[in-house]
Amino acid sequence: MKIATWNVNSIRIRLEQVTEWLTHNAVDVLCLQETKVIDAEFPRSPFEEMGYHLYLSGQKSYNGVAIISRQPLLDVTSGFRAILQDLPPEWDEQKRVITGVIDGIRIVNLYVPNGAAVGTEKYEYKLRWLTVLREYLRLLLLSQPDMCVCGDFNIAPEAKDIHEQVSTENHIMATETERQALRDILALGFADAFRKFTSEGGNYSWWDYRAAAFRRNLGWRIDHHYLTPILYERAKSCIIDAAPRKLTQPSDHVPVIVEF
DNA sequence: ATGGCACGGCTTCCGTGA
C-alpha cells in the first residue's frame with residue numbers, strides 16, 4: 001500500500017497538477033492539506049472519474065484537509081471532537097484533521113498550525129494544538145494500534161531537516177519547544193518513516209516561494225509519515241517526490257510517499 | 001536585519017502562510 005501526503009496550497013489552483021501526478025503515481029491513498037475550499041465546492045469529479053473516493057473537511061480560504069482513497073475508508077471522522085467529545089467546539093473551527101481506516105490501518109491526515117512567530121498568540125495556539133493532538137492520537141491508538149499519521153507538521157524535527165544551520169532557537173518550525181512537543185507525541189509509539197531509509201540531511205519537502213529557494217535547495221523537511229511499530233517494520237520505502245516543485249505555478253510543498 | 005512570493009476574497013489591498 002502506498003500512502004502519499006501533499007500540502008497543495010489550494011486544490012482549485014493545483015487541480016491539474018494533482019490529477020496528473022496521481023495518473024503517474026498510483027498511490028492507494030492521497031492525503032491533502034490546505035485545500036482552501038468548502039466541501040460543496042471541492043472539485044470531486046476528476047478524482048471520482050479516476051476511481052477514487054473522497055473524504056473532505058474543508059473551509060473557506062484557509063486550511064482544509066482531504067483524503068482521496070482508491071478503496072472506501074471505514075470509520076471516517078474529521079476534527080478532534082469526534083474523539084475528544086469534551087473539547088470546546090472552537091477547536092474544530094479550523095479544518096485540520098481527518099481520519100479513516102483502510103485494511104485495518106488507521107490513517108490520520110493532519111495540517112498542523114504554522115504558528116506565525118515565536119511569542120505570538122498563533123505560536124501558543126500551535127503548542128496547545130499539539131497537546132490536544134497527543135491526547136487525540138492516544139485515544140485512537142486504543143481502538144486501532146496500526147496507524148499512519150501523516151501530513152504537514154510545520155516542524156523540522158532535527159537540524160539536518162533544515163537547509164542551513166541557522167540559529168533556530170527562535171525560528172518558527174524549529175524551536176526546541178515545538179520539537180519537544182512533537183517528540184512527546186511520537187513517544188506514544190510512532191516512528192518517522194522517512195528516517196528508516198535516509199539518514200542524510202538535504203532532503204526537503206517545502207521550499208519558500210521567495211528568494212529562489214527551490215533553485216538554491218533552501219528547503220525544510222516538514223511533511224512526514226509517522227508509523228506504529230508493525231507498519232514501521234513493514235515499510236519498504238519513503239520517498240520525497242520533488243518533481244512537482246519544478247512545474248509552473250507549483251505548490252510550495254511536494255508529495256511524500258510511504259509504501260508498506 | 002529585511003524582504004522576497006502565492007493564495008483567497010465582501011478582491012485592486014489585506015490576512016495568512018512558513
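Within every chain, numbering begins at 1; the chains are lettered A, B, ... in the order of the sequence lines, protein sequences first and strands thereafter.
- For the pair I155(A) CD1 and dG17(B) C1', the computed distance is 16 Å after rounding to whole Å.
- The phosphate of dG9(B) (OP1 or OP2) has a side-chain N or O of R12(A) nearer than 4.0 angstrom.
- Here, dA18(B) and dC13(B) have their P atoms 26 Å apart, quoted to the whole Å.
- Under the 30°/60° scheme for interplanar angles, the aromatic rings of H163(A) and Y204(A) are found to stand perpendicular.
- Nearest-nucleotide mapping onto DNA chain B: of N63(A) and N9(A), the residue sitting toward the 5' end is N9(A).
- Distance check on atom P: dC10(B) versus dC5(B) gives 26 Å, rounded to whole Å.
- Across all strands, N7(A) comes closer than 4.0 Å only to sugar-phosphate atoms, never to a base (heavy-atom distances).
- In this structure, CD of E34(A) is placed 19 Å from P of dC5(B), rounded to the nearest angstrom.
- Heavy atoms of D152(A) sit under 4.0 angstrom from primed sugar atoms or phosphate atoms, though from no base atom.
- Taking the side chain of K60(A) as heavy atoms from C-beta on, and the options dC10(B), dC7(B), dA18(B), the nearest nucleotide is dC10(B).
- Taking 4.0 angstrom as the limit, R14(A) places a side-chain polar atom (N or O) nearer than this to OP1 or OP2 of dC7(B).
- Distance Y123(A) OH to dT16(B) P: 19 Å, rounded to the nearest Å.
- Judged by distance alone, the side chains of H224(A) and Y226(A) do bring a donor and an acceptor atom under 3.5 Å apart.
- Within the 4.0 Å cut-off from OP1 or OP2 of dC5(B), not a single side-chain nitrogen or oxygen of Q249(A) is found.
- Ring geometry for W220(A) against H171(A) counts as tilted: the plane angle lies between 30° and 60°, on a 0 to 90° scale.
- The same atom, C1', is picked in dT16(B) and in dG4(B); the two are 16 Å apart, to the nearest Å.
- dG3(B) and dG8(B) have their P atoms separated by 25 Å, with the value rounded to a whole Å.
- Screening V65(A), L56(A), I68(A) for a side chain to side chain contact (heavy atoms under 4.5 Å, CB included) with L32(A), the sole residue that qualifies is I68(A).
- Taking the six-membered ring where the residue is Trp, W207(A) and F214(A) present perpendicular rings, their angle passing 60° and hence far from 30°.
- In this structure, N154(A) reaches the sugar-phosphate backbone alone: every heavy-atom distance under 4.0 Å involves primed, P, OP1 or OP2 atoms, never a base.
- Between the CG atom of N7(A) and the CD atom of Q33(A) there is a distance of 5.5 Å, given to the nearest 0.5 Å.
- For Y62(A), the listed nucleotide lying nearest its side chain is dG15(B); candidates were dG9(B), dG17(B), dG15(B).
- Looking at heavy-atom distances under 4.0 Å, Y111(A) makes contact with sugar-phosphate atoms alone, never a base.
- For the C1' atom pair drawn from dA1(B) and dC14(B), the interatomic distance equals 24 Å after rounding to whole Å.
- Phosphate proximity of dG17(B) to H253(A): absent, as no side-chain N or O sits under 4.0 Å from OP1 or OP2.
- I13(A) places its CD1 atom 4 Å from the P atom of dG8(B), with the value rounded to the nearest Å.
- We find that NE2 of H171(A) is positioned 13 Å from P of dA18(B), with the value rounded to whole Å.
- Atom CD in Q33(A) sits roughly 16 Å away from atom C1' in dC7(B) (whole-Å rounding).
- In this structure, the nucleotide among dT16(B), dG4(B), dA18(B) sitting nearest to the side chain of A211(A) is dG4(B).
- As rounded to whole Å, 18 Å separates atom C1' of dG4(B) from atom CH2 of W207(A).
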Can you list the steps and then say if N114(A) with K126(A) is a side-chain hydrogen bond (donor to acceptor under 3.5 Å, both in side chains)?
-> CA-CA 7 Å; N114(A) 162 275; K126(A) 180 180 193 176; over 6 Å; no
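- Comparing P250(A) and Q94(A), the nucleotide of DNA chain B nearest to each residue sits closer to the 5' end for P250(A).
- The side chain of S10(A) has dG8(B) as its nearest neighbour among dG8(B), dG17(B), dA18(B).
- Computed from coordinates, the R221(A) CZ to dA18(B) C1' distance equals 16 Å when rounded to whole Å.
- If you take atom P in dT2(B) and the same atom in dA6(B), they sit 23 Å apart, rounded to whole Å.
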